[in-house]
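All heavy atoms count here, side chains included; hydrogens, waters and symmetry mates do not. In what follows, every chain begins at residue 1, and chains take the letters A, B, ... in the order their sequences are listed.
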Amino acid sequence: MCLAIPMRLEERDEFSGRVSLDGVSRQISLMLFPEAEVGQWLLVHAGYAISAIDEQQAEETLALLSEYAGEMMEL
Amino acid sequence: MRTRDPFSDSEAVRGLAREIAREAEELEARLTIMEVCGSHTHAIARAGLRSLLPEKIRLISGPGCPVCVTPVDWLDHAIALVERGDVILSSFGDLMRVPSSRRTLEEIRSEGAPVEILYSPRDALKLARSRPEKKIVFLAVGFETTAPTIAAALVEAEAEGLENFLILPGNKTMPEPMRLIAGDPEIAVDAFLLPGHVSVITGSDAFEFLARDYGLPGIVAGFAPTDVLRAVLEIIAQGKHGEAKIVNAYGRVVTREGNQAARKILDEVFVASPARWRGLGEIPASGLDLRPELAHRNAALLPVELPEPIEPPGCRCGEVLKGMIDPPECPLFGAPCIPERPVGACMVSSEGSCAAWYRHERWRNMESGR
Ligand code: SF4
């Protein structure tokens, strides 16, 4: 349940942004990570960005998540 | 059977396991390592790491699954709120099948009770805007990763004057139960695997006390099987040199200070309070209660009728959560308690120890005859 998912920030305004992953995009809040930059990979948890993550680590995390998918609830 | 799983038989995993076996030979005593993160629980079981590690390395699970540590009377309280008639409950999906004294949220929902499963606390704000005649109560569970998202939703509701958004406070923080466990001679933990995504918020400094006050190493680790094994190697190395350090092995997402914006919002909204943990009892300053200024958003203050709490009879989840027993030592494990029909909370989510063992370790242990 404490898992956060890497997604890339496509655009942002003051408090929120749009992230995408595999062609699916989602509105998230940037209240917990206001310094997020467009183009950056972010760790997203329950609709909020909580941190930036470098691309390589993001990819490794995504590979793991897809491996665990279906079993981990509430990704 | 496991050969198809790239995570247990990849060369990297085996190579690390061999290295651990070599290094562990020189250890004088058995090393007990506790993880306190549902994702670690899951990864260890899934990749079969226990069966790859030598006898001298014992991996145990602690209270790292948020729904598992949520006590039965808190769920009773959630259900009692729906019975008022003016409340819509909103919740992360994880909580739906957790047993209360009577029924689960899923059961009352299938009977027509207003319980919404949401991905984000922000969705509860949307619900509150569209249903002004009802109180929208968000069931606030989760550790430091999740709590700031709930705090942020509360800040947003305050700014907007959205009066009908409330929470049932139930968030918890990790360091206090770990302090309890670290000091418990019966559990006798030698080192901790520290949770990656909790540490993103808290910073690794939040766990320094383990090394300083208890002389225990702690490694912040990712949840790939190789991350876990590397952390085990680091713990063995510290053990050999008689060291106890808190090390971040999870890269740049974790800093020493954590996420400042999130910590600030947490502080604006919540105050540390005593909290009850399943299995561990009441622990001072381990819960997050709403600040008195936000009392109007505290659904725990709404009048309700609560039943006498009844723990699932025979469930040993409390001991499982302290790492005192492995799940198969519970007589109900596997029959009647299975993930599809959980008797206790630890069998509900895939992060729960009992569920993780049931799905993965059971077969392995049968094969290896342990
Ligand atoms: S197997 Fe089921 S009954 Fe036994 S401790 Fe685990 S959750 Fe409780």
Practice task
Determine which pairs satisfy side-chain hydrogen bond (donor to acceptor under 3.5 Å, both in side chains) with at least one residue from residues 31-43 of chain A, sequence neighbours left out, and list them in order.
Solution key: none
Practice task
Write down the atom of A:M31, the atom of B:A261, and the distance for their closest heavy-atom approach.
Solution key: O-CB, 4.3 Å
Exercise for the section: Would you mind checking which part of B:V253 comes under 4.5 Å of any heavy atom in chain A, side chain (CB onward), backbone (N, CA, C, O), both or neither? Expected result: both
Exercise for the section: Heavy atoms only: give me the nearest A:A46-B:P121 pair and the separation to one decimal. Expected result: O-CD, 3.6 Å
Handout entry: Within 6.0 angstrom of A:D13 CG, more than 12 heavy atoms from elsewhere
Key = yes
Handout entry: B:S120 side, atom OG; A:Q27 side, atom CD - distance, nearest 0.5 Å
Key = 11.5 Å
Completion exercise
Sorted by chain and number, sequence neighbours left out, disulfide (SG to SG under 2.5 Å) with B:C65 holds for B:C68
Exercise for the section: Could you list the residues that satisfy ring pair (Phe, Tyr, Trp, His ring centres under 6.0 Å) with B:F192, not counting sequence neighbours? Expected result: none
Practice task
Report the distance from atom CZ of B:R122 to atom OG of A:S16, rounding to the nearest 0.5 Å.
Solution key: 6.0 Å
Exercise for the section: Side-chain contact test, heavy atoms from C-beta onward, threshold under 4.5 Å: evaluate it for B:V254 versus A:S51 and give yes or no. Expected result: no
Practice task
Using non-hydrogen atoms and a 4.5 Å limit, figure out which bit of B:A355 sits close to chain A: side chain, backbone, both or neither.
Solution key: neither
Exercise for the section: Under 4.5 Å, heavy atom to heavy atom: which of residues 52-62 of chain A reach chain B? Give them by number, or say none. Expected result: A:A52, A:I53, A:D54, A:Q57, A:T61
Handout entry: Nearest-0.5 Å distance that lies between atom CD1 in B:I265 and atom OH in A:Y48
Key = 8.5 Å
Exercise for the section: Would you kindly say whether A:H45 and B:T149 are connected by a side-chain donor-acceptor distance under 3.5 Å? Expected result: no
Handout entry: Spatial distance of atom CG (A:L32) from atom OG1 (B:T145) [nearest 0.5 Å]
Key = 11.5 Å
Problem - Atom group of A:I50 that falls short of 4.5 Å from chain B, counting heavy atoms - result: both
Fill in the blank from the handout: Turns out that what part of B:A153 lies under 4.5 Å from chain A's heavy atoms comes down to both
Problem - Heavy atoms from other residues, nucleotides or ligands near CZ of B:R256 exceed 12 (cutoff 6.0 Å) - result: no
